[in-house]
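In what follows, a structure is listed as structure tokens, so that the remarks can point back to it.
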Protein chains: 2
Amino acid sequence: MPGTKPVPDIVVGRLPIYLRALTRLLEEGQQVVASKELAKRLGISSAQIRKDLSHFGEFGKQGKGYEVAYLRDQLRSILHADRTWNMALIGAGDLGHAIAHYMEFEKEGFRIVCVFDNNPQKIGRRLGKFEILDMAALPQKVREQEIKLAVVAVPAEAAQSVVDELVRAGVKAILNYAPATVVVPPNVHVQSIEPVMYLQRMTYYL
Amino acid sequence: MPGTKPVPDIVVGRLPIYLRALTRLLEEGQQVVASKELAKRLGISSAQIRKDLSHFGEFGKQGKGYEVAYLRDQLRSILHADRTWNMALIGAGDLGHAIAHYMEFEKEGFRIVCVFDNNPQKIGRRLGKFEILDMAALPQKVREQEIKLAVVAVPAEAAQSVVDELVRAGVKAILNYAPATVVVPPNVHVQSIEPVMYLQRMTYYL
DNA sequence: TAGATTGTTAATCGATTAACAATC
DNA sequence: TAGATTGTTAATCGATTAACAATC
């Protein structure tokens, strides 16, 4: 229904954490879980877990808790994690290689379907099962393969211009491994994943 | 001085973003920057940048802005990013290999000094310049090399027990690449870095 | 039924922003 | 000096938590 308040980003950000924990519980054979137990596992308050879930529906049973398999399915559906997403990988350097060979993506429904680089030395060569393509071929590939997601693994200096090209080609969400902040229009999403920043957040306290 | 209110974690978390932007500005040859300009680059409000910095001192000049080189040095000092930190890497699989070869760590003062695995097939073999060690050797190495930081790149099922061993050996901060939430005592820091979670945060909106 | 736990409300807590005096 | 921008205050906004009626 229109006019409904959007779910806060910070709540959406916690859903994958819940989903991962539920998947784990399912593997361990647990059928029902209370918010209190989940809270203990995750270091999040039980009230917060219940409140977060309540944005999307009533998934639990008073006196019992949540059926693990059912709640997991619901979260997968909410996050659109119950389908396969095609992704473009930009950057065929060391990091690009590691990303292309990282198996978790495929396992979780994120499939790299093409690889790009702007280095003429690399274009035409192979990265695993992919031929490395010229960036000029991006818009066509995005259209043909219905690519909504891209992974950026280029040097920091190149990040913004690569992201601009992705946006122009119609990509809607970008996972950025480059150590740089990139700016995108409001209808495009970016998540930056930067190990050095995480380390610096911790050395502050040491 | 004792009794001073600690700086909020969320503020500390933004400092590396500022640091990275200042390093970039310095490379571009810019000598002075106003909070307003930095704000535009980072998609953060100028008031927030000034407020964040004010937790640590007065670094700017009214009417001018901040001296890029000076503020950068201050932030490096605050974050303890002006020294080299020894790190242990746990897990010599594909991901461990990629991490060991990721050059940014070394460039930013984070040096991997030893590699561990619990697979007897791997122990004694090499990963780059390192001999892969048995986890049993961890406490001694932590002591000898004054290791405060570790990087975990093991399967999700093994993550918690590896983290427990790290904590017991005296490691104070852990960068966790395993797709699992891990629990640590309050005096130990963990940052989890999980690409699939970032992707799921974005597919929600697609 | 008695016990347990949900979903939700209201209170609390904390973070962000707007505004401006101070001052370079 | 006039113009610009900081550092800081107070107001606003939003997120977390405690508590409990509803109910399985």
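In what follows, chains are A, B, ... by sequence order, proteins preceding strands, each numbered from 1.
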Fill in: Nearest heavy atoms of Glu104(B) and Pro179(A), plus distance in Å
OE1-CG, 4.0 Å
Discussion item. Using heavy-atom distances to pick each residue's nearest nucleotide on DNA chain D, tell me which of Lys61(A) and Pro8(A) is more 5'.
Written reply: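 Nearer the 5' end of the strand: Pro8(A).
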Response to the item:
Between Gly63(A) and Asp9(A), the residue closer to the 5' end of DNA chain D by nearest nucleotide is Asp9(A)
Worksheet entry | Salt bridge present between Arg24(B) and Glu157(A) (N-O < 4.0 angstrom) |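 Salt bridge: no.
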Worksheet item: Is the shortest side-chain N to carboxylate O distance from Glu28(A) to Arg41(A) below 4.0 Å?
Response: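 Judged by the 4.0 Å cut-off on N to carboxylate O distance, Glu28(A) and Arg41(A) do form a salt bridge.
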Worksheet item: Are any of the side-chain heavy atoms of Arg20(B) and Leu15(B) separated by less than 4.5 Å?
Response: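 Not touching, per the 4.5 Å side-chain cut-off.
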Worksheet item: Does the side chain of Lys141(A) reach to within under 4.5 Å of the side chain of Val113(A), using non-hydrogen atoms?
Response: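 The answer is no; the side chains never approach within 4.5 Å.
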Worksheet item: Taking the six-membered ring for Trp, are Phe105(B) and Phe110(B) parallel (under 30°), tilted (30 to 60°) or perpendicular (over 60°)?
Response: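 It falls in the perpendicular class, over 60°.
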Item to complete: Check each residue of residues 36-55 of chain B for a non-hydrogen atom within less than 4.0 Å of any atom in DNA chain C, then write out the ones that pass by number, or none.
Response: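 Those residues whose heavy atoms fall under 4.0 Å from DNA chain C, taken from residues 36-55 of chain B in numerical order, are Ser45(B), Ala47(B), Gln48(B), Arg50(B), Lys51(B).
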Worksheet item: Does anything in residues 171-191 of chain A pair up under ring pair (Phe, Tyr, Trp, His ring centres under 6.0 Å), and if so which pairs, sequence neighbours excluded?
Response: His189(A)-Tyr205(B)
Worksheet item: On DNA chain D, which is the earliest and which the latest nucleotide, 5' to 3', with an atom closer than 4.0 Å to a heavy atom of chain B?
Response: dA4(D) to dT9(D)
Item to complete: May I ask which nucleotide in the shown strands pairs with dT9(C), Watson-Crick or G-U wobble, both distances under 3.5 Å?
Response: dA18(D)
Practice prompt. Would you mind pulling out the nucleotide paired to dC24(D), Watson-Crick or G-U wobble, both distances under 3.5 Å?
Written response: dG3(C)
Fill in: Heavy-atom neighbours of Glu106(B) CD exceed 12 at 6.0 Å
yes
